[in-house]
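Written out below as structure tokens is the structure these notes cover.
Sequential numbering from 1 along the given sequence is applied to the chain's residues.
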Amino acid sequence: MVYNRNSNIGTDKSFGDRVKSAVFWRSGTQILAQLISWGVTLAILRILDPGDYGLFAMSSVILVFLNFLNGYGFASSLIQSDKVEEIQIRQAFGMLLLLNTGLAMIQLFIAPVLAVQYYQEPIVGDMIRWQALIYLSTPFMVIPEALMSRNLEFKKPAIINLFSAVVGASVSLYMALNDWGVWTLVFAPIALFWSRAICLTIATKFFILPTFNFKGAGAMFGFGTTLLVSHGFWIIQSQSDILIAGRYLSTYELGLYAEALFLTTIFAAKFVPPLNEVAFPAYARLQHDKEALAAGFLKAARIILFIACPLYIGMAVTAEPFVAVVMGNKWLDGIPYVQILALAMPFMTLQILFTPALNALGKPNLTARNSMFGAILMPITFFFAIKYGAIGLAWGWLIAFPILLWFTFYNSRNVIGITLVGLFNAIWPGLSASMAMAVVVLWADTYLISLIMSTDFQLFGIPAYMYLRFLILITVGAATYFALLWYFAKDVLQEIINLVIKRKATAIDSDTDINQNEPTT
């Protein structure tokens, strides 16, 4: 059986509609799933202690470091190829089974060494052993999703992801309320991944037998291995801070830092990757039309930074009431971390947008080069920054990521077909409006909020005025941002409205005249 894909984008009239539909289902259900997850997470933050999150950060960083070997790149080759035969699917399935079984065994073996000799926290060893179960679910998730992604079919996996989010949230809330402590953070992800794997296998009728005969799989192996190396470098650059901090910081300080990092990376880590999942097959359709692909990349940067800039800059200027209201009084010492990390995240958000475009163009070597530079830059930065504690690590993000973004742009610009001026013009509306918004919010916080700080009444351990302060600042910030866009960048605002409300391709795609085939993510 051969799985063909129409590569003639000039005659594919429905391509724009299909991309928009994919964005709607993938990102729409992701938002709903994250709202469910966040609601439970915020409740659990008030039940568990920062030390529990410190222990979890120690164990999960090992999972993340090994998980880059899970073989996702082999499945990605199924998306990038113009046609896929059944034998390639069976070979990819076999590769993933071998890799993930091996990873589970390795994690079981190294658990006591890491827990006792490196972290000096024996409970971390037991946590790492249980977390090895996550690897075994990977093959049954990745292959079915890859086959649907290559044809921009995101509705079915989106619904399943939403269901698994509900399962994970339910397990998490039940265990937290029944005093399972740190084990709540261990078993909830296991429930989420396995429920997702089982549902995907059943819903997609993925009953193909694997093969361990890899003859003729050279192209798949080469593409997947390059992505594997690239992802490995990315893991090093993004997780080295926790690995270093786990050795030098207390579990309390590490917990504060880890959760501040989690909250500030929510958009970049939870919302942008699903959009990139849609962008990858969409860019792959356009890999033979560089002009359309470049226009699509700039549109992606414009739209995503339109959201990321006000979110992160607003988080930085409202960090005190944000942490107090959202996380509770246990986490007030983490306010400085949130302020600094939030300012680094727009750079991170823009930097990770380059990956799907490069991979779709068949240039995973450039993705690997970008990640390798980050894997050198970030650990060196964190190694020196740890001398100043968790606050030093936060500053390390803000110092190093602009450098990494510049390297990524310089390394990728000619392949994608973009210029510095073009990229700057794409992100300027959201960035400039966000900076102006920040000034207005700071003014409101300084001169207006003092009027409501006259009561000692507390709600959930937080002064009651803090809730009103947070609400006022959000309202002022949102009103200012949208007013600025309405008067100075109405076309960008209309573009966002059309993307969110209208799933059908519209005239906003006039940036390119390739039959409305520009990717919208």
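- One finds the CG atom of L162 at 12.0 Å from the CZ atom of R196 (value rounded to the nearest 0.5 Å).
- Side-chain contact check for L185 versus L48: some heavy-atom pair is nearer than 4.5 Å.
- In terms of modelled atom types and a separation under 3.5 Å, the side chain of W331 and the main chain of L45 share a donor-acceptor contact.
- Of all heavy-atom pairs spanning S412 and N370, the tightest one is OG-ND2, 3.4 Å.
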Legend entry - Criterion ring-ring contact (aromatic ring centres under 6.0 Å, His included) on W406 and F401, from CA distance to verdict: CA-CA 9 Å; W406 171 253; F401 242 100; over 10 Å; no
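- Judged by distance alone, with hydrogens and angles left aside, the side-chain atoms of N100 form a donor-acceptor pair with the main-chain N or O of L96 at under 3.5 Å.
- Within 6.0 Å of CZ in F347 there are 12 or fewer heavy atoms belonging to other residues, nucleotides or ligands.
- To the nearest 0.5 Å, atoms CE (M372) and CG (N365) are separated by 10.5 Å.
- Side-chain atoms of Y53 do not come within 3.5 Å of backbone N or O of E259 as any donor-acceptor pair.
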Inset, instruction - Assess whether side-chain hydrogen bond (donor to acceptor under 3.5 Å, both in side chains) is satisfied between Y252 and D49, documenting all intermediate values. - result: CA-CA 8 Å; Y252 174 77; D49 295 320; over 6 Å; no
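- You'll find the side chain of L99 stays beyond 4.5 Å of the side chain of T138, heavy atoms only.
- Judged by distance alone, the side chain of W194 and the main-chain N or O of L133 form a donor-acceptor pair under 3.5 Å.
- Counting all heavy atoms, side chain and backbone alike, V186 lies closest to I190 at O-CG1, 3.5 Å.
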Inset, instruction - Determine, stepwise, if the pair L404 / F373 fulfils side chain to side chain contact (heavy atoms under 4.5 Å, CB included). - result: CA-CA 7 Å; L404 178 57; F373 180 78; 3.7 Å; yes
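- Contact record, P310 with S434: N-OG, 2.9 Å, taken as the closest heavy-atom pair.
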Inset, instruction - Applying ring-ring contact (aromatic ring centres under 6.0 Å, His included), run through F93 and F140 and close with a yes or a no. - result: CA-CA 8 Å; F93 192 24; F140 304 96; 5.6 Å; yes
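- Heavy-atom neighbours of M435 CE from other residues, nucleotides or ligands within 6.0 Å: above the threshold of 12.
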Inset, instruction - Evaluate side chain to side chain contact (heavy atoms under 4.5 Å, CB included) for R129 paired with Q107, printing each intermediate quantity in order. - result: CA-CA 7 Å; R129 293 187 188 95; Q107 186 151 315; over 6 Å; no
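- Taking the ring centre of Y118 as origin, the terminal cationic atom of R247 falls inside the region bounded by 6.0 Å and 45° from the ring axis.
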Legend entry - From CA spacing to verdict: side chain to side chain contact (heavy atoms under 4.5 Å, CB included), L341, L398: CA-CA 7 Å; L341 288 168; L398 185 54; over 6 Å; no
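- Under the 4.5 Å side-chain criterion, counting only non-hydrogen atoms from C-beta, R469 is in contact with D445.
- Judged by distance alone, the side chain of S172 and the main-chain N or O of G168 form no donor-acceptor pair under 3.5 Å.
- Closest of all the heavy-atom pairs between A400 and T381 is CB-OG1, 3.8 Å.
- Side-chain N or O atoms of D126 include none that pairs as donor or acceptor with a backbone N or O of P122 at under 3.5 Å.
- At a threshold of 4.5 Å between non-hydrogen side-chain atoms, the residues V124 and L114 do not count as touching.
- Side chain of T101 to main chain of L98: no donor-acceptor pair is present (N/O by atom type, distance under 3.5 Å, no hydrogens or angles).
- One N or O on the side chain of E253 and one on the backbone of A390 form a donor-acceptor pair closer than 3.5 Å.
- Note on ring orientation: taking the six-membered ring where Trp is involved, the planes of F354 and F409 are perpendicular (angle over 60°, cut-offs 30° and 60°).
- Here the shortest heavy-atom pairing between A385 and G392 reads CB-O, 3.1 Å.
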Inset, instruction - Mind running side chain to side chain contact (heavy atoms under 4.5 Å, CB included) on M345 and L311 for me, showing each step along the way? - result: CA-CA 10 Å; M345 291 306 128; L311 176 67; over 6 Å; no
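- Between the side chains of Y257 and D241, a donor-acceptor pair is found at a separation under 3.5 Å.
- Centroid-to-centroid, the aromatic rings of W395 and F382 stay 6.0 Å apart or farther.
- Heavy-atom minimum distance, L173 versus I44: N-CD1, 4.2 Å.
- Counting heavy atoms from C-beta on, the side chains of I123 and V182 come closer than 4.5 Å.
- Evaluated for a side-chain hydrogen bond (donor to acceptor under 3.5 Å, both in side chains) with T408, the options Q351, R369, R413 yield exactly one hit, Q351.
- Applying the 6.0 Å contact sphere to CH2 of W183 captures more than 12 heavy atoms from other residues, nucleotides or ligands.
- With a 4.5 Å cut-off on side-chain heavy atoms, L343 and Y312 do not count as touching.
- Between the CG atom in L393 and the CD1 atom in I242 there is a gap of 8.0 Å [rounded to 0.5 Å].
- By the 4.5 Å heavy-atom criterion applied to side chains, L305 and L431 are not counted as neighbours.
- Contact annotation: the side chain of Q339 approaches that of I335 to within less than 4.5 Å [non-hydrogen atoms, C-beta and beyond].
- Checked options F193, Y174, W130; the residue passing with F187 is W130 (criterion: ring pair (Phe, Tyr, Trp, His ring centres under 6.0 Å)).
- Rounded to the nearest 0.5 Å, atoms CE (M95) and OG1 (T211) are 10.0 Å apart.
- Atom-to-atom distance recorded for Y119:OH and T251:OG1 is 12.5 Å, nearest 0.5 angstrom.
- In this structure, S60 contributes its side chain and L63 its backbone to no donor-acceptor pair below 3.5 Å.
- Between the CG atom in L377 and the CD atom in Q237 there is a gap of 8.0 Å [rounded to 0.5 Å].
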